[in-house]
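Mind having a look at this structure? Questions to follow.
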Amino acid sequence: MADEGTGEATRDFIRDIIQADLDAGRVQTVVTRFPPEPNGYLHIGHAKSICLNFGVAAEFGGRCHLRFDDTNPTKEEQEFIDAIAADVKWLGFDWGVHLYHASDYFEQLYAWAEHLIGKGLAYVDDQSPDEMRAARGTLTEPGRDSAFRGRSVAENLDLFRRMRAGEFPNGARVLRAKIDMASGNMNLRDPALYRILHATHPRTGDAWCIYPTYDFAHGQSDAIEGITHSVCTLEFEDHKPLYDWLIQHLPVPSRPRQYEFARLNLGYTVLSKRVLTTLVRDGHVSGWDDPRMPSIAGLRRRGVPAAAIRDFAGRIGVARAYSVVDYALLEHCIREQLNRSAPRRMAVLRPLKVVIENYPQGQTETLPAVNHPDDPEQGMREITFGREIYVERDDFMEDAPKKFYRLSVGREVRLRYGFFITCTGIVKDEAGEVVELRCTYDPATRGGNAPDGRKVQATIHWVEATTAVPAEIRLYNQLFTRPDPGAAGDIFADINPNSLEVLSGALVEPALAAANTAETVQFERTGYFCPDPDSTSTRLVFNRTVGLRDTWAKVKAG
RNA sequence: UGGGGGAUAGUUUAGCGGUAAAACUCCCGGCUCUGACCCGGGCAUCCUUGGUUCGAAUCCAGGUCCCCCAGCCA
């Protein structure tokens with residue numbers, strides 16, 4: 001895992017705090033945790049948190065727990081629990097034996113709730129959700145005390161036990177902390193600690209019908225596990241006073257501290273679980289692992305290496321200021337990683353037939369090609385050359401400007417690993433479309449160099465007609481049309497109708513037919529691609545992970 | 001108009017009283033059997049106003065703008 005591009009010992013305020021705690025002896029062993037709620041799949045925003053929590057633990061010789069925050073059985077599923085664990089592992093992190101669930105602590109949390117009641121710091125409220133909302137006040141006006149706030153300890157205890165016993169329907173009562181209904185911090189206006197939820201929990205089944213809220217479960221779970229630095233995102237900042245209040249009033253075994261950082265925002269991308277869930281549910285994408293999704297599963301299926309995601313997480317930094325990261329940075333990290341590892345292959349996305357007129361009919365020959373120009377270890381392979389080949393449509397222009405280096409009538413180019421060819425003529429169909437090129441080749445340039453030392457301006461990729469293998473290639477574009485999806489109102493109106501482009505007539509070199517591995521390869525001059533699970537023995541399907549940088553496209557665009 | 005937090009190149013970060021650093025993007029140029037990679041070069045009134053100081057992005061005071069909070073979600 002020490003393969004990150006610039007994975008140097010990055011510095012940020014979280015690491016500074018930990019270093020200071022270690023130096024001052026406040027903490028002996030750093031213990032962090034990644035606490036996902038299993039109500040959806042992980043996305044690249046979670047990857048930032050995962051890399052931070054596991055990264056920091058590793059750097060300081062501590063440990064990081066994986067803890068499922070499974071306190072709301074109405075939204076959580078086993079499928080998500082399994083997928084999340086698989087994704088964290090795929091990203092390259094290991095929680096060892098430290099796999100936990102907030103539900104592991106339900107009994108202890110319940111006991112602490114009674115403890116709070118006993119100290120007169122919590123009470124059972126009979127108000128309905130609507131009444132509670134009305135009594136909570138607003139951002140500028142204080143709330144009003146509930147009529148049930150003054151119940152005796154005995155009555156609270158009795159009612160709370162009966163809540164647990166299942167005597168009341170959902171929403172009938174709730175256990176609340178008794179703090180301050182006039183606090184400027186809404187979280188301190190007697191927050192709910194336990195609610196009645198007659199629902200089957202993925203792990204505890206029907207053992208419970210009351211469940212702790214996030215606020216009551218999270219900090220105490222941290223304390224039970226001995227978490228030293230509970231790192232979360234900025235929106236929990238207002239919860240810290242409550243987090244601390246609970247830790248202070250409960251006989252917990254340790255005193256964890258919460259620290260907040262800014263969550264990741266990515267241009268042209270949505271990292272809201274609510275929206276992502278809707279995209280999947282309403283069929284805007286094929287599933288959580290659709291290659292257009294910013295989910296870990298989607299990125300993986302698209303061919304993005306875990307190391308690229310780790311590198312990305314390291315480069316975006318950790319701070320407290322709201323920010324939106326350029327999508328281009330992610331692409332850069334992917335390209336950098338793949339450039340040095342991905343085997344090179346040739347594939348023609350939009351084929352244009354070429355007949356080499358002076359090459360013998362019915363004859364073929366093989367030519368050696370390197371698998372990676374900078375890595376001899378990857379070896380060589382043989383590619384077939386013959387009279388009929390296919391080149392990329394974009395590599396021919398009828399009225400080519402001076403800046404266009406590729407094929408045009410009268411121009412000579414090099415076929416990668418092959419010969420120099422010169423275009424001598426074109427064939428058009430009735431519609432006037434160029435459907436075939438006539439060329440001649442120079443036998444003396446076999447292997448790619450001219451004995452007379454003449455140069456060509458371009459080298460293009462190609463495949464030989466009789467040996468090429470047909471393939472479907474899926475090109476992905478941004479899932480949203482604007483850098484700030486939803487900023488104009490309806491986020492679903494910003495979905496890009498052209499986010500998926502399928503090329504069904506692509507031709508790839510035979511070596512790719514054996515690409516059954518999940519390995520991402522480079523199609524020379526076009527980009528990085530990986531076989532999609534939709535591939536079958538009779539139909540090859542490739543996903544474009546990311547294109548190569550294309551300077552010509554910019555020149556052409558003017 | 002309550003509470004909490006934040007403002008450094010187009011973007012994300014560094015800088016912690018000594019004269020703005022890096023990466024990405026973009027632009028210019030070089031190299032090249034991938035117009036890729038790689039290699040040069042360019043791109044900042046440090047939100048603002050005033051103060052302290054020999055010296056301020058850093059310290060102080062006042063503004064401005066942005067983000068989060070009124071779930072029995074997390």
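Predicted model, so just to flag it, every value in this text is computed and none were measured. To find a chain, count down the sequence lines: A is the first, B the second, and so on, and within it residues start at 1.
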Classify A/E392 by what it touches in the nucleic acid, base, sugar-phosphate, or nothing, heavy-atom distance under 4.0 Å.
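Contact class for A/E392: none.
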Under 6.0 Å between the ring centres of A/F261 and A/F13?
no
With syn defined as a glycosidic angle within 90° of 0 and anti as everything else, classify B/G71.
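B/G71: syn glycosidic orientation.
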Report yes if at least one side-chain N or O of A/H332 is closer than 4.0 Å to OP1 or OP2 of B/C24; otherwise report no.
yes
With respect to the phosphate group of B/A74, does any side-chain polar atom (N or O) of A/T71 fall under 4.0 Å of OP1 or OP2?
yes
How is A/L139 classified with respect to the nucleic acid when contacts are heavy atoms under 4.0 Å: base, sugar-phosphate, or nothing?
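Since a base atom lies under 4.0 Å of A/L139, the category is base.
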Quick one: label A/R414 by what it contacts on the DNA or RNA (base, sugar-phosphate, nothing), any heavy atom closer than 4.0 Å.
base
Give A/F236 one of three labels, base, sugar-phosphate or nothing, depending on what nucleic acid heavy atoms sit under 4.0 Å from its own.
base
Are A/K556 and B/G35 close enough that a side-chain N or O sits under 4.0 Å from OP1 or OP2?
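For B/G35, OP1/OP2 do not have a side-chain N/O of A/K556 under 4.0 Å.
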Short side-chain N/O contact from A/R136 to OP1 or OP2 of B/C72, under 4.0 Å:
yes
So A/D69, base contact, sugar-phosphate only, or nothing? Heavy-atom distance under 4.0 Å.
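The answer is sugar-phosphate, as A/D69 gets under 4.0 Å only of primed atoms, P, OP1 or OP2.
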Is a side-chain N or O of A/T213 found less than 3.5 angstrom from the main chain of A/A192, in a donor-acceptor match?
yes
Counting side-chain heavy atoms from C-beta on, which of B/A7, B/G3, B/U25 comes nearest to A/A328?
B/U25
Hey, does A/P142 reach any base, or is it just sugar-phosphate, or nothing, if we go heavy atoms under 4.0 Å?
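It contacts nothing in the nucleic acid.
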Check: A/F419 ring centroid to A/Y441 ring centroid under 6.0 Å:
yes
Same-atom distance (C1') from B/A9 to B/G5, integer angstrom:
24 Å
Pair A/D126 + A/R151: basic N to acidic O under 4.0 Å
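Result for this pair is yes, salt bridge flagged.
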What nucleotide among B/A70, B/A74, B/U11 has an atom nearest to a side-chain atom of A/D326?
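Of all the options, the side chain of A/D326 is nearest to B/U11.
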Name the nucleic acid region contacted by A/K403, choosing base, sugar-phosphate or nothing; use a 4.0 angstrom heavy-atom cut-off, strictly under.
base
Among the nucleotides B/C72, B/U12, B/U34, whichever has the atom closest to the side chain of A/P373 is B/U34
If you only use heavy atoms from C-beta on, which nucleotide in B/A14, B/G71, B/U34 is closest to the side chain of A/Q522?
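Looking only at heavy atoms from C-beta outward on A/Q522, the closest nucleotide is B/U34.
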Using a cut-off of less than 4.0 Å, is there contact between a side-chain N or O of A/R274 and OP1 or OP2 of B/G71?
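False: A/R274 side-chain N/O out of range (4.0 Å or more) of B/G71 OP1/OP2.
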Distance check: side-chain N/O of A/R173 vs OP1/OP2 of B/C72, anything under 4.0 Å?
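For B/C72, OP1/OP2 do not have a side-chain N/O of A/R173 under 4.0 Å.
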Is there a Watson-Crick or G-U wobble partner for B/U53 with both distances under 3.5 Å, and if so, which one is it?
none
Considering only atom P, compute the distance from B/C68 to B/G62 and round it to an integer number of Å.
26 Å
Considering every strand and a 4.0 Å limit on heavy-atom distances, what is the contact class for A/L329: base, sugar-phosphate, or nothing?
sugar-phosphate
Answer yes or no for this row: A/W552 ring on B/G35 base, centroids under 5.5 Å, planes under 30°.
yes
Would you say A/Y211's side chain and A/A199's backbone share a donor-acceptor pair under 3.5 angstrom?
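Yes; judged by distance alone, with no hydrogens or angles, the pair exists.
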What contact category does A/F404 fall into here, base, sugar-phosphate, or nothing, at under 4.0 angstrom with non-hydrogen atoms?
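If one applies the 4.0 Å heavy-atom cut-off, A/F404 turns out to touch a base.
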Can you find a side chain N or O atom of A/T74 that sits less than 4.0 Å from OP1 or OP2 on B/C73?
no
Test A/K48 against every option in A/I316, A/V325, A/T233 by the side-chain contact (heavy atoms from CB on, under 4.5 Å) rule and name the one that passes.
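It is A/I316, the one option of A/I316, A/V325, A/T233 that forms the side-chain contact (heavy atoms from CB on, under 4.5 Å) with A/K48.
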Given B/C37, B/A14, B/A70, the nucleotide with the shortest approach to the side chain of A/R549:
B/C37
Under 4.0 Å between any heavy atoms, over every strand shown, what does A/R335 touch: base, sugar-phosphate, or nothing? Just pick one.
nothing
Using a 4.0 Å heavy-atom cut-off across all strands, classify A/R406 as base, sugar-phosphate, or nothing.
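Base contact.
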Give one of base, sugar-phosphate or nothing for A/V324, where a contact means two heavy atoms less than 4.0 Å apart.
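Contact class for A/V324: sugar-phosphate only.
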Quick one: which of B/G6, B/U12, B/C73 gets closest to the side chain of A/N72?
B/C73
Determine whether the aromatic ring of A/Y322 stacks with the base of B/G6, defined as ring centroids separated by less than 5.5 Å and ring planes inclined by less than 30°.
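No, A/Y322 does not stack on the base of B/G6.
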Choose from B/A7, B/U12, B/A74 the nucleotide whose nearest atom is closest to any side-chain atom of A/T213.
B/A74
Counting side-chain heavy atoms from C-beta on, which of B/G6, B/U13, B/C73 comes nearest to A/R195?
B/C73
Measuring centre to centre across the rings, with the benzene-like ring taken for any Trp, is A/H239 within less than 6.0 Å of A/Y243?
no
